Amino acid sequence: MPVISLLTDFGLKDGNVGVMKGVIWRICPEAQIADLSHLISPQNIAEAALVLFRAMPYFPPFSVHVAVVDPGVGTARRPMAARIGDQYYVGPDNGTLTLCLARAERLGQPVTCIHLNQPQYWLEDVSHVFHGRDIFAPVAGHLAAGVQLEALGVSFSDPVLLPLPRPERTPLGWRGEIIHIDHFGNASSNLRIEDLPEVLKHKDKVTIRVGGLEIHGLVNTFGERRPGETVALFGSTGNLLVCVVNGSAAARLNLKVGDPLEILLP
Amino acid sequence: MPVISLLTDFGLKDGNVGVMKGVIWRICPEAQIADLSHLISPQNIAEAALVLFRAMPYFPPFSVHVAVVDPGVGTARRPMAARIGDQYYVGPDNGTLTLCLARAERLGQPVTCIHLNQPQYWLEDVSHVFHGRDIFAPVAGHLAAGVQLEALGVSFSDPVLLPLPRPERTPLGWRGEIIHIDHFGNASSNLRIEDLPEVLKHKDKVTIRVGGLEIHGLVNTFGERRPGETVALFGSTGNLLVCVVNGSAAARLNLKVGDPLEILLP
Amino acid sequence: MPVISLLTDFGLKDGNVGVMKGVIWRICPEAQIADLSHLISPQNIAEAALVLFRAMPYFPPFSVHVAVVDPGVGTARRPMAARIGDQYYVGPDNGTLTLCLARAERLGQPVTCIHLNQPQYWLEDVSHVFHGRDIFAPVAGHLAAGVQLEALGVSFSDPVLLPLPRPERTPLGWRGEIIHIDHFGNASSNLRIEDLPEVLKHKDKVTIRVGGLEIHGLVNTFGERRPGETVALFGSTGNLLVCVVNGSAAARLNLKVGDPLEILLP
């Protein structure tokens with residue numbers, strides 16, 4: 001059965017997500033639909049990009065990911081669909097795909113971007129303010145039902161990309177920044193395991209500087225330290241995390257997205 | 001595959017929504033189930049009525065909408081099911097259908113209301129406080145599985161209706177009120193596009209008075225103005241909205257449901 | 001179609017629940033998946049145990065319940081699966097099953113516990129911090145797809161059990177405690193209908209002492225009293241509840257989990 005995921009900043013109160021599912025099931029009644037998140041901070045495309053990047057590799061081949069964090073709805077920004085490896089994306093061309101496209105380039109996955117311009121695959125009436133319902137949900141339904149990506153519009157090769165904060169080499173190690181605070185208050189950084197081979201070799205001897213604190217050594221998992229201790233570790237998708245065991249690092253260290261984080265090599 | 005939507009004020013913490021899905025799948029294992037909202041303000045029937053009204057037209061034919069905002073659970077209020085056009089409703093007879101019934105009358109859709117009184121379609125033990133699980137979920141499952149509406153009880157013709165705040169003609173234009181604040185802080189009014197043909201003719205020249213502010217002209221979509229500007233526009237279901245571009249009109253103008261809103265014609 | 005439920009403390013913001021669904025559908029594409037709750041208080045195993053206990057009896061035979069409230073992830077705590085009557089559990093061996101196992105014993109349901117140790121049923125790469133995605137979701141998918149429980153690991157007979165607060169007999173009646181505050185602010189206690197036959201015989205004459213208040217008599221449902229009144233009643237799963245009609249008992253009486261509650265017999 002075809003799988004569709006939904007990722008928006010619509011919240012869970014107003015019924016808009018449910019409406020998108022109704023629209024999809026009118027076109028593809030057997031679609032399995034997973035909510036990725038509807039609590040993306042309003043208009044925060046970078047946050048949506050990160051959630052999509054982490055989720056996509058775990059979905060079945062030919063899944064369709066609909067992401068609608070869309071401050072430009074109704075303006076000239078392109079509605080798009082894409083194939084990245086064996087996964088599909090449907091949503092605005094506004095940078096939501098930035099991290100997935102960077103990974104595709106790294107892994108040599110083929111990418112096709114399509115500017116949606118075939119209204120026969122949309123709802124008959126398209127509003128100015130809810131393209132999630134009127135364009136993206138029906139396009140996802142048609143993709144899941146077997147319509148070819150190339151039938152939905154014309155290809156293009158310059159998708160919008162967000163500027164990505166890159167970690168920097170410093171005399172003593174690396175400097176990155178906090179890119180996400182999760183539900184538990186764990187702070188995730190842009191320092192990734194594959195870029196830091198020398199950190200892996202000296203796990204016990206590195207020092208992490210963040211929020212005015214120094215953390216000595218990395219752990220493998222929370223349970224190695226006592227509740228309440230602040231720890232640093234590589235998370236389940238390879239980013240360096242700062243956590244408080246059974247607590248909130250964001251609250252303890254007053255961390256927010258964009259705050260700097262440093263690794264000092266021994 | 002049959003489609004069921006769920007709309008409650010149960011919240012998402014306690015497992016009650018999941019339990020309703022378990023009950024439905026025992027009866028109709030192939031039902032597709034969409035959550036419309038479970039964050040309706042406690043006991044706020046009017047809010048549920050609005051969410052249901054907006055969602056229903058987008059669902060596949062023969063979808064079953066279960067709405068349980070039910071302050072009268074366990075009292076003499078009737079449990080009911082209904083067919084409105086090609087959609088089904090299951091829930092308490094307490095006004096949740098008010099807007100859908102008004103639209104059905106406007107569109108000439110046929111309506112049948114049934115007082116549920118056939119306990120063979122309910123769970124064996126019916127509690128006094130959770131009819132969502134014990135009566136409405138199983139009835140929805142049976143409807144989705146093909147049981148005829150008329151088998152579920154006896155028809156009646158006087159469903160409970162909420163009083164609806166109607167917009168008023170004024171010497172200078174129209175006066176309505178705020179009926180919903182959405183997740184983004186957009187404020188939706190009871191002034192609807194089909195009632196305001198003269199506004200559409202003079203979009204650039206009307207003035208909106210709301211929350212102590214005057215907004216000059218209507219826009220088509222958010223992106224026509226800069227982030228932070230307050231705008232008025234017709235939303236995706238035809239209601240006049242007041243919004244702050246990439247912000248919250250409710251917070252900016254301190255708006256709440258019931259606040260007045262005026263359109264002044266040129 | 002096989003049914004799976006998900007119960008976690010992951011929240012709804014970060015995409016982790018959606019990722020688990022992607023993993024499940026790669027293995028069992030036709031699984032119906034219900035969210036029980038993802039708003040369990042962080043690391044609160046007792047709360048998860050209660051939500052699971054209430055939900056399990058309402059699911060179809062052979063449903064698989066995945067519960068991941070897992071402060072010990074990555075440590076020596078056992079990953080497990082179990083069959084309890086005709087229902088399956090997958091998650092950490094940390095007490096989440098306590099109430100379900102106590103009920104199984106009371107009802108004479110057969111129980112089998114399996115220590116998961118067959119990595120061919122897991123994802124290829126298992127992280128230290130997200131076994132919900134890497135172990136429990138794939139195991140649930142395999143169970144739903146028809147793999148035998150016994151193939152997943154070796155049986156064991158000493159699952160971790162939480163200490164359960166037991167109600168005490170007092171000279172004047174019974175003393176229990178608040179074990180859950182729900183979305184509405186209703187406070188649920190560990191005093192259960194089957195243990196209190198003498199209370200049922202004198203519903204009008206018992207007195208409930210809680211939060212500095214005395215409530216005289218039990219009602220059957222909220223609607224028997226006026227909005228704003230504090231009432232006591234047996235809830236839909238048999239626990240004694242304290243509620244404010246159309247309001248929040250937790251807010252009114254400043255109640256929290258662990259607070260005492262007494263029934264005085266006449």
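What you are looking at is a predicted structure, and each value in this text was computed from that prediction instead of being measured. Convention: sequence-line order gives letters A, B, ...; per-chain numbering from 1.
- When the shell of 6.0 Å around CZ of C:F62 is examined, it contains 12 or fewer heavy atoms from other residues, nucleotides or ligands.
- Ranked by heavy-atom pairs shorter than 4.5 Å toward chain C, the options A:N220, A:V3, A:L52 are led by A:N220.
- For a residue to count as touching a neighbouring chain, one of its non-hydrogen atoms must lie under 4.5 Å from one of that chain's; by this rule A:P57 touches chain C with the backbone only.
- Proximity to chain C (any heavy atom under 4.5 Å) is shown, for A:L6, by neither the backbone nor the side chain.
- For a residue to count as touching a neighbouring chain, one of its non-hydrogen atoms must lie under 4.5 Å from one of that chain's; by this rule A:E30 does not touch chain C.
- No more than 12 heavy atoms of other residues, nucleotides or ligands lie within 6.0 Å of NZ in A:K205, so this atom counts as exposed by the packing criterion.
- By the 6.0 Å contact criterion, CD on A:E194 is enclosed, its count of non-hydrogen atoms from other residues, nucleotides or ligands being greater than 12.
- Taking C:D35, C:V126, C:T75 one by one and counting their heavy-atom pairs under 4.5 Å with chain A, the maximum is reached by C:T75.
- For residues 10-23 of chain C, heavy-atom neighbours of chain A at less than 4.5 Å comprise C:F10, C:G11, C:L12, C:K13, C:D14, C:G15, C:G18, C:V19, C:K21, C:G22, C:V23, sorted by residue number.
- Heavy-atom distances place no part of C:I27 under 4.5 Å from chain A, backbone and side chain included.
- Judged by distance alone, with hydrogens and angles left aside, the side-chain atoms of A:Q32 form a donor-acceptor pair with the main-chain N or O of C:A31 at under 3.5 Å.
- Neither the backbone nor the side chain of C:R77 comes within contact range of chain A; no heavy atom of the residue lies under 4.5 Å from a heavy atom of that chain.
- Environment of CZ in C:R166: sparse, with no more than 12 heavy atoms of neighbouring residues, nucleotides or ligands closer than 6.0 Å.
- Residues C:M1 and A:M1 are in side-chain contact: their nearest non-hydrogen atoms beyond the backbone lie under 4.5 Å apart.
- In this structure, the separation between OH on A:Y58 and CG on C:D134 is 6.0 Å, given to the nearest 0.5 Å.
- Taken to the nearest 0.5 Å, the CG atom of C:D125 stands 11.5 Å off from the OG atom of A:S236.
- Contact between C:V129 and A:F222 at its shortest, heavy atoms only, is CG1-CE1, 3.7 Å.
- Rounding to the nearest 0.5 angstrom, the gap separating the OG1 atom in A:T221 from the CZ atom in C:F130 is 13.0 Å.
- Open room surrounds CD on C:E124; 12 or fewer heavy atoms of other groups in view lie less than 6.0 Å from it.
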